[in-house]
Amino acid sequence: MMRMKMKRTVLLFFYSFVLFFSSPSMAEEGHRLWLRYDTLSKAKVTLAIPPAVRGGHENVTTPTIDIAVRELQMFSKSDEIILKIDRSLPDDEGFTVTEVNEKRNYIIAAHNDIGLLYGAYYVLENERDNKTHCYQTPATFRHNAPFYKLRLLNHWDNLDGSIERGYAGESIFWSGDDAQHSTLNTQLIEEYARANASIGINGSVLNNVNASPKMLTAPYLEKVKEIADILRPYGIRVYLSINFATPMALGDTETADPLNEQVAAWWKKKADEIYKLVPDFGGFLVKANSEGQPGPGDYHRSHADGANMLARALKPYGGIVMWRCFVYGANHKGEDRVKQAVSEFKPLDGMFMDNVILQTKNGPLDFQPREPYSPIFDQITHTPNMVELQITQEYTGQSKHLVYLGPMWQEFFQNVNPASLKGIAGVANIGLDRNWCGHHFSQANWYAFGRMAWDPMLSSQDIAADWLNLTFPELGYHGWTSWMELSRKACVNYMMPLGLHHIFKFDHHMGPEPDGFIASYPLEWCPVYYHKADKDGIGFDRTVATGTGATAQYRDELARLYEDINTCPEEYLLWFHHVPWTYKMKNGQTLWENMQTKYNEGVRQVEEMAARWQEMKPYVDEQRWREVDERLQQQVRDAREWRDVCIGYFGSFVSE
């Protein structure tokens, strides 16, 4: 009875969003994302489920298989598709697709139901993308499986509905501090789940890393259960960010010391409560002892002490603790901020339980338009690592600028061996805006994250081409794959070229403020700390010989490369070196001449992109064309502001 009730609920959700997605009047809003399928109701879908899987019952299915069947029935161009459970295939969420004849009829096979759903979306995308064949012949099919087991979105959503670093409206999950009287938009969450499943994302952290203790109270946990029930058929597990001091903040204990028996017992009891509501709950994400958040350091305990206490509570249920390495400040006074994570965690490597994963930002600072990868990926070798990428564009135009982040992430994976990581997390850019992401092209970053989480060796250019073909199909023929690839380079040029970093306006991080300094702020929050411009030059000396020694945290060959000003890649020059204004660079021009060239080049690139968009008006629906055009015009204005402010400010040192 429970299975049938769940099945009917899933079908109601399914048909509600199919009708919504099929409405032509809504097509121009961008709400359909890359799932812009025409309803065909053509394909015949047959199930091939072995008796051993059926348990002796006929026609036994699951909500996940039901979704796969109906997606294919509604949208596939094929005449016939077989969905086959094959226990001989690896149990890795993967699938195989075999094209059985020239009529494009398929067999989709997988070890379990989620593999069939992923396979269904794979077939639909290939058909929508007008690719001739999924694979060459039945004899050459291959198993298509995700590279990472953990492929998570991190939502920095607050319980009042606001989103920290959110630029696309309020939360799709939370609508106020009174959980008992708030109602979930179940259709919207269903649509969110469908979009994630279509690109292989299998986990959602539902709330901000700067977590409220109220998140773990009964009314909110009931909402978590409701959300989990909606996401589960799409293969998505829920996770929660937690405030480390929750038991004390709620008045249940007098301390949050991880070595206190009452505190450990509280977390064990809380884990029991959560798993009774959500049996497949994924675990906790923790930001501790960073930017004012409580943590084990408040009691002179280590990160390992804190993480392991939580890990013990979750371990009986298979839950994990993702412990963020974004820590700086109190314990490292006077130390270069980009060194502090390694200083904090290197001595603890190997001291964490096996269900603890260290989650580290891709760069050592804070999601800058360009920074070298975090050396923690070189230094931590006995504790599982996962990388945290930022999909929402906190430092790259905040959904007002067209900046495709695929090239940034590809750059990361070219420097960090993907196989050394246990998972990948992305700080989501999703909100209540009708197009989900604020900027229509910001949808590409959500899509690219999912594709790279599935296969980090994919080309960012190929992903951009796929997204365009699915979302703006005419634009791929007019060179927009190249413009998307160029957009990140342009952003670096007009914001912070040649290794400059963190010279944004305070707090909101939108716009330039290279002269930024507030005496009451920690120095490492001030832009002047990072560029160190003076009459002699500009840049942060991080060499061992004369600077902070941050170069030594990298593996040997890169440490040597970055240490020497003559071999340091020019894109990182001012990240690692304080360089004279008159320093001659590889093109024969001085540093200052190159800085001016880069700023002007970035502006020119955005101006050309905006001009090219004008020519696209005949090929794009009116609403999306206009909304993108408005943002491109703002991006041109903002790029000019960045250039003028930075050249004016830095030029004042050169002319002294």
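Residues take their numbers from the sequence shown, with the count starting at 1. No experiment lies behind these values; they were computed from the predicted model shown.
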Quick check: closest heavy atoms across Ser204 and Ile236, and the distance to 0.1 Å?
OG-CG2, 3.7 Å

With sequence neighbours left out, write down each residue that passes salt bridge (Lys or Arg N to Asp or Glu O under 4.0 Å) with Glu371, or none if nothing qualifies.
none

Please identify each residue that fulfils salt bridge (Lys or Arg N to Asp or Glu O under 4.0 Å) with Arg626, with sequence neighbours left out.
Glu622, Glu630

Can you tell me if Tyr599 uses its side chain to pair, donor with acceptor, with the backbone of Met495 under 3.5 Å?
yes

Short question: side chain of Ser241, backbone of Asn207 - any donor-acceptor pair under 3.5 Å?
yes

Starting at CE of Met496, measure out to CZ of Phe504 and round the result to the nearest 0.5 Å.
3.0 Å

Can a side-chain donor-acceptor contact be found between Thr471 and Gln443 if the only test is distance below 3.5 angstrom?
no

Just by distance, do the side chain of Asn154 and the backbone of Gln390 share a donor-acceptor pair under 3.5 Å?
no

For Lys617, does the NZ atom sit with more than 12 other heavy atoms under 6.0 Å from it, leaving out its own atoms?
no

Any heavy-atom pair between the side chains of Ser460 and Pro407 that's under 4.5 Å?
yes

Carboxylate-amine/guanidinium contact Arg232 Asp280, below 4.0 Å
yes

Is there a donor-acceptor pair under 3.5 Å between the side chain of Gln398 and the backbone N or O of His508?
yes

Value rounded to 0.5 Å, distance of CZ in Arg643 from OH in Tyr494
13.0 Å

Does the Tyr447 side chain pair with the main chain of Ile463, one donor and one acceptor, at a distance under 3.5 Å?
no

Smallest separation among heavy atoms of Leu150 and Asn202, with atom names
C-OD1, 4.0 Å

Using a cut-off of 6.0 Å, state whether more than 12 heavy atoms not belonging to Lys225 lie near its atom NZ.
no

Do Trp525 and Ile518 have side-chain heavy atoms sitting under 4.5 Å apart?
no

Donor-acceptor pair between Ser175 and Glu170 side chains, under 3.5 angstrom:
no

Residue pair Leu432, Asn185: steps toward the side-chain contact (heavy atoms from CB on, under 4.5 Å) verdict
CA-CA 11 Å; Leu432 283 178; Asn185 186 334; 5.7 Å; no

Ring-plane angle category for Tyr239 and Phe281, please: parallel below 30°, perpendicular beyond 60°, tilted otherwise.
tilted

Can you see whether Gln393 engages Tyr167 through a side-chain donor-acceptor pair at a distance of less than 3.5 angstrom?
no

Given side chains that start at C-beta, do those of Pro456 and Ile424 come closer than 4.5 Å, heavy atoms only?
no

Nearest 0.5 Å, what's the CG-NE2 distance between Leu33 and His440?
10.5 Å

Could you check, using the six-membered ring where one of them is a Trp, whether Phe412 and Phe377 have ring centers closer than 6.0 angstrom?
yes

Answer yes or no: does atom NZ of Lys223 have more than 12 heavy-atom neighbours from other residues, nucleotides or ligands under 6.0 Å?
yes

Go through Glu474 and Met616 one step at a time and tell me if the side-chain contact (heavy atoms from CB on, under 4.5 Å) criterion holds.
CA-CA 9 Å; Glu474 296 295 331; Met616 297 299 103; over 6 Å; no

Strictly under 6.0 Å, is that where the ring centroids of Tyr521 and Phe506 end up?
yes

The test is salt bridge (Lys or Arg N to Asp or Glu O under 4.0 Å); show your working for Arg637 and Glu641 and say whether it passes.
CA-CA 6 Å; Arg637 295 190 297 271; Glu641 179 189 6; over 6 Å; no

Correct closest heavy-atom pair for Asp433 and Gly438 would be OD2-CA, 3.5 Å

Can you see whether Asn435 engages Glu627 through a side-chain donor-acceptor pair at a distance of less than 3.5 angstrom?
no

How far apart are the C-alpha atoms of His439 and Val628, what are their side-chain angles, what is the distance that settles it, and do they pass the side-chain contact (heavy atoms from CB on, under 4.5 Å) test?
CA-CA 7 Å; His439 197 306; Val628 171; 4.2 Å; yes

Verdict with supporting geometry, Thr64 and Tyr234, side-chain contact (heavy atoms from CB on, under 4.5 Å):
CA-CA 6 Å; Thr64 302; Tyr234 291 88; over 6 Å; no

Any side-chain donor-acceptor pair under 3.5 Å between Asp629 and Gln614?
yes

State, yes or no, whether a side-chain contact exists between Asp466 and Trp34 at a heavy-atom distance under 4.5 Å.
no

Would you call the rings of His501 and Trp575 parallel, tilted or perpendicular if under 30° counts as parallel and over 60° as perpendicular?
tilted

Is the side chain of Trp467 donor-acceptor paired with the backbone N or O of Thr481 at a distance under 3.5 Å, no angle test?
no

Quick one: list whatever passes salt bridge (Lys or Arg N to Asp or Glu O under 4.0 Å) with Glu571, sequence neighbours left out.
none

Could you tell me whether the side chain of His155 reaches within less than 4.5 Å of the side chain of Ile163, counting heavy atoms only?
no

Determine the interplanar angle of the Trp436 and His31 rings, folded into 0 to 90°, and report it as parallel if under 30°, tilted if 30 to 60°, perpendicular if over 60°.
parallel

Are Glu411 and Arg488 ion-paired here, with the side-chain N under 4.0 Å from a carboxylate O?
yes

Can you label the angle between the Phe441 ring and the Trp480 ring as parallel, tilted or perpendicular, going by 30° and 60°?
tilted

Ignoring hydrogens and geometry, is there a side-chain-to-backbone donor-acceptor pair from Arg612 to His478 under 3.5 Å?
yes

Have Asn196 and Trp446 got a donor and an acceptor in their side chains that come within less than 3.5 Å?
yes

In the structure I gave you, are the side-chain heavy atoms of Phe367 and Arg165 within less than 4.5 Å of one another anywhere?
no

Considering only heavy atoms from C-beta outward, does the side chain of Asp157 approach that of Leu206 to under 4.5 Å?
no

Backbone of Glu485 reached by a side-chain donor or acceptor of Gln461 within 3.5 Å:
no

Output yes when a side-chain donor or acceptor of Asn243 lies under 3.5 Å from a complementary backbone atom of Ala211, and no otherwise.
yes

Do the side chains of Glu191 and Arg194 get close enough for a salt bridge, i.e. N-O under 4.0 angstrom?
no

Taking the six-membered ring for Trp, are Trp174 and Tyr220 parallel (under 30°), tilted (30 to 60°) or perpendicular (over 60°)?
perpendicular

Donor-acceptor pair, distance only, cut-off 3.5 Å: does the side chain of Asn158 make one with the backbone of Asp160?
no

Of all the heavy-atom pairs spanning Glu125 and Tyr37, show the shortest one and how long it is.
N-OH, 4.0 Å

Hey, do the aromatic rings of Trp409 and Tyr404 have their centres closer than 6.0 Å?
no

Just so I know, are the side chains of Arg151 and Glu93 near enough to count as touching, which here means a heavy-atom distance under 4.5 Å?
yes

For Tyr328 and Glu291, run side chain to side chain donor-acceptor pair (under 3.5 Å): C-alpha distance rounded to whole Å, both residues' side-chain angles, the deciding distance at 0.1 Å, then the answer.
CA-CA 7 Å; Tyr328 67 92; Glu291 297 183 325; 2.8 Å; yes

Hey, would you say the His502 and His531 ring centroids sit under 6.0 Å apart?
no

Ring centroids only, cut at 6.0 angstrom: are Phe173 and Tyr192 within range, meaning strictly under it?
yes

Non-hydrogen atoms of Ser374 and Thr360 that approach each other most closely:
OG-CG2, 3.7 Å

Here the pair of heavy atoms bringing Val403 nearest to Asn445 is O-ND2, 3.1 Å

